[in-house]
Amino acid sequence: MERGPRVPPPSQDPVRPRKDRDSLPAASCPRPCGRFDARPPPQSRRGRWLEASGIEVFHIMNLTDVDDRTIAAAVGKGVSLREHVDPFARAFEEDRDWLRIRPPHAQPRATEYVDAMIEVIQGLLDRGVAYKGEDGSVYFAIARFPAYGRLSQLDQRELRAGASERVSTDEYAKADARDFVLWKATRPEDEAVGAAWDAPFGRGRPGWHIECSAMALDLLRRRWGVDVLDIHAGAVDLIFPHHEDEIAQSCAYTGKDEFARVWVHGEFLDLAGTKMSKRYGNILTARDLREQGVDPGAVRHLLFNTHYRQKLDWSDTALSAAREGSARLGAFRDRLALAAGETDDPEAAAAADRFRTAFAAALDDDLNAPEALGALHVLVREGNRLLDEGRRLGPAVRAAWGLADEVLAVASSARARTVAAEALTVAEEDGIPVRPPEVPPADSADGEAWALRWAAVRATEKRKRNFAEADRIRDLLRGAGWEIRDRRDGAIDVVRDGR
RNA sequence: GGCGCCGUAGCCAAGUGGUAAGGCAGAGGUCUGCAAAACCUCGAUUCGUCGGUUCGAUUCCGACCGGCGCCUCCA
């Protein structure tokens, strides 16, 4: 078991398939449904990098669709659990896609794996590490699992029962205050929303911790016949107790020493210096950003600018810096697409080489995204310089860019539309270029055509040296969100302003 | 009280036992009718403070100051 996660470079273990999973709590609760108080899960970046390195990754992301809050919310709305959860799950997937996070290979829902959970719980009862409490619920007996606390270094903590005020008062059903619930005896409200199942040890519903273990184990065993994960990811706040409990129940059940070879814990996103949390009322959701028109590339740029194990303090200035950086990369992508030739200038090939080395070294070293991003900016600077000098960028640079884009996907999606000089003519009437309407079309889909027509008019006016009019048109377009850039070869770029 | 993290240029942020990536912002320059973009040049003798180890520490150790997280189902 490793903490302070340092994943072995892929090259050390090139063929073995890896199974990567994340425990993503509750499809019902705000967090997975678009909020990202924890970063977009680090395993999604790791997955991209491992895959780009030629390693097969199988990523499982659990959906907790049954827990106290989900049930309470469903009861409140008078709908079934499923009806309550589905919209959240869909919204979550939309936000995930918007953030360019790849879908997991499997996304099991807790309610569809209850049989697997019952099997694990029964196994734990059979092994004597679980017991049925007076309230009919089944608990895990921490005293029977000596390794408990290794991940969070709990063994070094003071384990006074009731050290925290949050425990102790009404936990009389447990033998030990630290024991956690595996199976909760059914309550009327559970039945009301369909959150109750029959089990040999009584009717009830699974506890949160067991869901993750049972789903992962079930998928791992059926697909590979193994019961240890290579990588287990999650946010730092899950280390204790959730991951600790997962380890306890999983290892007690499988008899293995570890549940995951490597634990990857992402730090939090802070807002105004404090953890983003409902408790503090400082929530920022992916949905919010989307509605503000923020480019997902900029969001990723900001996220990758800080190591995943480091807290990231979200601020408008940080976002705006990321937006600029992301736009610079997007502009280079467009430039490269137009300029790339069949061969690389030797200097360009060397730059691409340097980039590949630095990029791989950074990501192989515990996914050092900030350093990888730095390397990308160096490549872009050198590429831009060479293009300015009229040198050729070819397959080497294209491939280097492609790798970066595949793994980081941080470039702004705003694309420049380039119009060649010869295409910049417009019909004239009595020596005056025919103009499109001053007001941009309501339908944003027609916006580009409108902007391009105006750009052509401006080019015409410019040729006639009517600079005042040309400047007026540029301002008009800028007001409508379009940036015009004259190029040295006489062509123009029209860029949708992504801000 | 226990466990743990952080403090690097105006801002964000990597990193190394031998004197500090990258981005943003700013200044000057090239280019341009003017812009924008791009490129070039410029910024920490210094990495919270004070000690210690060392030939040498920002990097290791200790103390202190400041900020933050977790301590049994916020999920």
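So that the names make sense, note that chain A is the first sequence line, chain B the second, and so on, each numbered from 1.
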Watson-Crick or G-U counterpart of [N], or none if no pair lies under 3.5 Å:
N      : answer
U16(B) : none
C3(B)  : G69(B)
U58(B) : none
U41(B) : A27(B)

- Message: Output the rounded distance in Å from CZ (Arg309(A)) to P (G69(B)).
- Response: 20 Å

- Item | Given RNA chain B, 5'-ward residue of the pair Arg385(A) and Ile484(A), judged by closest heavy atom | Ile484(A)

- His377(A) or Arg328(A): which one's nearest nucleotide on RNA chain B is closer to the 5' end? His377(A)

- With ring centroids as reference points, do Phe359(A) and Trp49(A) lie under 6.0 angstrom apart? yes

- C1' atom, C47(B) versus U41(B): distance in rounded Å? 25 Å

- Task: Without swapping roles, check the side chain of Arg300(A) against the backbone of Arg100(A) for a donor-acceptor pair under 3.5 Å.
- Result: yes

- Task: Answer yes or no: does a side-chain N or O of Arg474(A) lie under 4.0 Å from OP1 or OP2 of A36(B)?
- Result: no

- Query: Checking only heavy atoms, does the side chain of Arg323(A) share a donor-acceptor pair with the base of C24(B) at less than 3.5 Å?
  - Reply: no

